[in-house]
Amino acid sequence: MTDTSSTRPAEGEARAPRRSRLHRLMRYLPLIAPVLLWAVPCWVLLYTGQNWPLPVTAAGTALLAAGLVCMPLAMARGHGRRQRDRAAIVGDTLLGTSWVLFTWSVLLGVLVRLALTVAGAGDGQDRARTVTWAVLGVTAVLLGWGYAEARRVPRVRRLDVELARLGAGLDGLRVVLITDTHYGPLDRARWSQRVCETVNALEADLVCHTGDIADGTAARRRAQAAPLGTVRATRARVYVTGNHEYYSEAQGWVDLMDELGWEPLRNRHVLLERGGDTLVVAGVDDVTAESSGLAGHRAHLAGALDGADPGLPVLLLAHQPKFVDRAAAAGIDLQLSGHTHGGQIWPFHHLVRLDQPALAGLSRHGGRTLLYTSRGTGFWGPPFRVFAPSEITLLVLRSPQPPASS
C-alpha cells in the first residue's frame, strides 16, 4: 500500500490558491462583464481609425454609455425584489443587444479588417468605417431575426429513440417534451395557447415538462401558464421543477401544475403500461432545490425509484443535463432534460458547455443511458434566439423487438 498522506497537503496547497483566484475573479465578473459588453463595441465602432466627425463620435459614445448605465439598473429593478416587468424588458433587451454587438464587433473587427487589408481595399479610414457598418448591419439583422425566432411557436423536432429494455408492447409510445417555457415580463398567453395546440396535434401518450415554467411566481404568471391545463395526453402529463422555480416560490408552481392536471414528479415515479409491458416514468427535483431551503425539496433519485422493479426500463425527467452522471450510475435508460436553451444566443453555448455535459440533442452516457437535451420551448431574459432555435420535441420510443402483427 502506498502512503500518499505526505503529498496531499502540498497538492491541496497548490490547488487552493488557484481556486481562490478563480473565486475572486468570479465575484468581480458581474462588474467587469457589462463594461466589456459596451466598451469593446464603442472602441471598435468609433475609435479605431474611423475619424468620424465629432458630433457622430460624441453621439455614438453617449448612446453606448447610456446602454452601459441603463442595462444593469433596469435588470436590477426588473429582476430584483420589486420585479418591475417593464424594467426587466428593457434590461433584458439591452443585455441581448450588447451581447450580439460585442460578439460581432470582435469577430468582424478582426475578420473584415484583415480581409480588406489583404485585398488592399481602401485606406485605413475606409476600412475602419466598413467594419463599423458591417458590425451594425449584421447586428441589426441578427437581432431582428433572433426576436422573430424567440417569439414564434417552436417547430416540432421528431426522432425515434430505441431503448434496449423497452418491451414490444410499448413500441411506438409517443412522448412529447416541452421545457423552459419561461413565461415572464413579456406577456405570452397567446403564444402559450398556440404551443399547447401544437402539442395536442401530436397526439402524445405522455407529455413532459422538465421545468423552468416561468420567471416569477405562480400567482404572477398564472394567466400565461393557464393554457397548460388544456394539454392532452392519452396516458399522463408529468412535470419536474427547474432551477427558476426555486427563484420564485417553487411550491406555488408545483401546486399550480397539480391544479392544471399535471402530475408533479417530485422524487417519485408513475407506471405507464401498454400491451402487457411497463415503463417507469420517474422525476427528480432540480439539483438547486436543496440549497433553496424549501422543506422536502431536493434531487433524490433513489427516492424517485423507490419501489420500482429494477428490471423495468426507466424514463427519467431531470431539468439539468448534468444530472445524467447520477442517472447513468443508476442504470437509467433515458433522461429528458432542458435548461441549456442550446445556448440561446450564439456563441453563448461555449459557456454553457463549461457547466453541462450536453448542449442539445441525443447523447449516450455510460453503457446504457441515453440523454435527450431540449433547446427549450421558450426563452430566458433577452427576447432573442440566434442560431439556437426553440423546439417542441416528439420522441417515439422504439423497442428492439417491435410488436408482433396480429
Side-chain angles (χ1 to χ4, degrees), residues 78-85 88 92 154 176-193 195-196 199 206-233 236-270 281-301 303-304 316-321 323 336-341 374 376-381 390 392:
H79 297 288
R81 188 169 54 185
R82 294 185 177 183
Q83 292 192 340
R84 304 294 187 186
D85 282 351
D92 292 343
V176 170
L177 170 62
I178 59 175
T179 185
D180 299 275
T181 42
H182 283 284
Y183 303 125
L186 281 170
D187 188 354
R188 284 179 287 151
R190 174 57 184 157
W191 175 87
S192 178
Q193 181 182 342
V195 166
C196 294
V199 169
L206 175 69
V207 180
C208 308
H209 195 307
T210 52
D212 279 7
I213 299 174
D215 296 303
T217 64
R220 191 180 184 90
R221 307 300 182 205
R222 185 185 185 96
Q224 295 183 60
L228 292 174
T230 68
V231 168
R232 296 189 300 271
R237 298 175 295 171
V238 292
Y239 153 76
V240 293
T241 57
N243 57 304
H244 278 249
E245 275 83 325
Y246 291 98
Y247 307 149
S248 307
E249 300 174 9
Q251 189 59 48
W253 281 110
V254 171
D255 294 341
L256 179 58
M257 289 298 276
D258 186 38
E259 179 186 329
L260 293 174
W262 291 67
E263 189 151 10
L265 295 181
R266 296 201 48 249
N267 304 318
R268 51 185 295 271
H269 69 270
V270 295
V281 181
V284 291
D285 291 340
D286 184 62
V287 293
T288 61
E290 191 165 3
S291 62
S292 71
L294 288 176
H297 285 256
R298 63 178 178 134
H300 187 210
L301 183 56
L316 175 69
L317 275 60
H319 177 65
Q320 299 195 40
F323 195 81
L336 302 183
S337 298
H339 185 68
T340 68
H341 299 205
S374 168
T377 309
F379 61 86
W380 170 85
S390 55
I392 295 169

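Source: prediction; values computed, not measured. As a basis for the values below, the full set of heavy atoms in this structure was taken, side chains included, without hydrogen atoms, waters or symmetry mates.
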Could you tell me which non-hydrogen atom of Ala189 sits nearest to which non-hydrogen atom of Ala223, and how far apart they are?
CB-O, 4.0 Å
Which pair of non-hydrogen atoms, one from Thr210 and one from Gly338, has the smallest distance, and what is that distance?
OG1-N, 3.8 Å
Does Arg232 have more than 12 heavy atoms from other residues, nucleotides or ligands lying within 6.0 Å of its CZ?
no
Please name all residues satisfying side chain to side chain donor-acceptor pair (under 3.5 Å) with Asp187, sequence neighbours left out, ordered by chain then number.
none
Residues passing the salt bridge (charged side-chain N to carboxylate O under 4.0 Å, His left out) test with Arg188, sequence neighbours excluded, are none
Looking only at side-chain N and O atoms, does Gln320 offer a donor or acceptor that is under 3.5 Å from a partner on Asp286?
yes
In chain order, what residues pass the side-chain contact (heavy atoms from CB on, under 4.5 Å) check against Glu290, with sequence neighbours excluded?
Arg298
Is there a side-chain contact between Asp212 and Thr181 in this structure, where contact means two heavy atoms from C-beta onward sitting under 4.5 Å apart?
no
Would you give the length of the straight line joining atom CG of Leu317 to atom CG of Leu177, rounded to the nearest 0.5 angstrom?
7.5 Å
Go through the structure and list residues passing ring-ring contact (aromatic ring centres under 6.0 Å, His included) with His319, not counting sequence neighbours.
His339
Taking side chain to side chain donor-acceptor pair (under 3.5 Å) as the test, write out the residues that go with Asp92, two or more places apart.
His79
Side chain to side chain donor-acceptor pair (under 3.5 Å) partners for His244, two or more places apart:
Asp215
Where do Phe379 and His182 come nearest, in terms of heavy atoms and distance?
O-CB, 3.0 Å
What pairs with Ser292 under side chain to side chain donor-acceptor pair (under 3.5 Å), at least two apart in sequence or on another chain?
none
Sequence neighbours excluded, every pair satisfying salt bridge (charged side-chain N to carboxylate O under 4.0 Å, His left out) that has a member inside residues 250-264:
Arg222-Glu259, Glu263-Arg268
Apply side-chain contact (heavy atoms from CB on, under 4.5 Å) to Arg84 and list each qualifying residue two or more places apart in sequence or on a separate chain.
Arg77, Arg82, Ala87
Side chain of Arg266, backbone of Gly296: donor and acceptor closer than 3.5 Å?
yes
Residues in ring-ring contact (aromatic ring centres under 6.0 Å, His included) with His297, at least two apart?
Tyr246
Main chain of Pro227, side chain of Thr230: is a donor-acceptor contact present, judged purely on distance under 3.5 Å?
yes
Would you please name every residue forming a side-chain contact (heavy atoms from CB on, under 4.5 Å) with Pro154, sequence neighbours left out?
Arg152, Trp191, Val195, Thr377, Ser390, Ile392
Run the side-chain contact (heavy atoms from CB on, under 4.5 Å) test against Ala233 and tell me which residues pass, sequence neighbours left out.
Val207, Arg237
Which is it for Leu228 and Trp262 under the side-chain contact (heavy atoms from CB on, under 4.5 Å) test, yes or no, and what are the steps along the way?
CA-CA 9 Å; Leu228 292 174; Trp262 291 67; 3.9 Å; yes
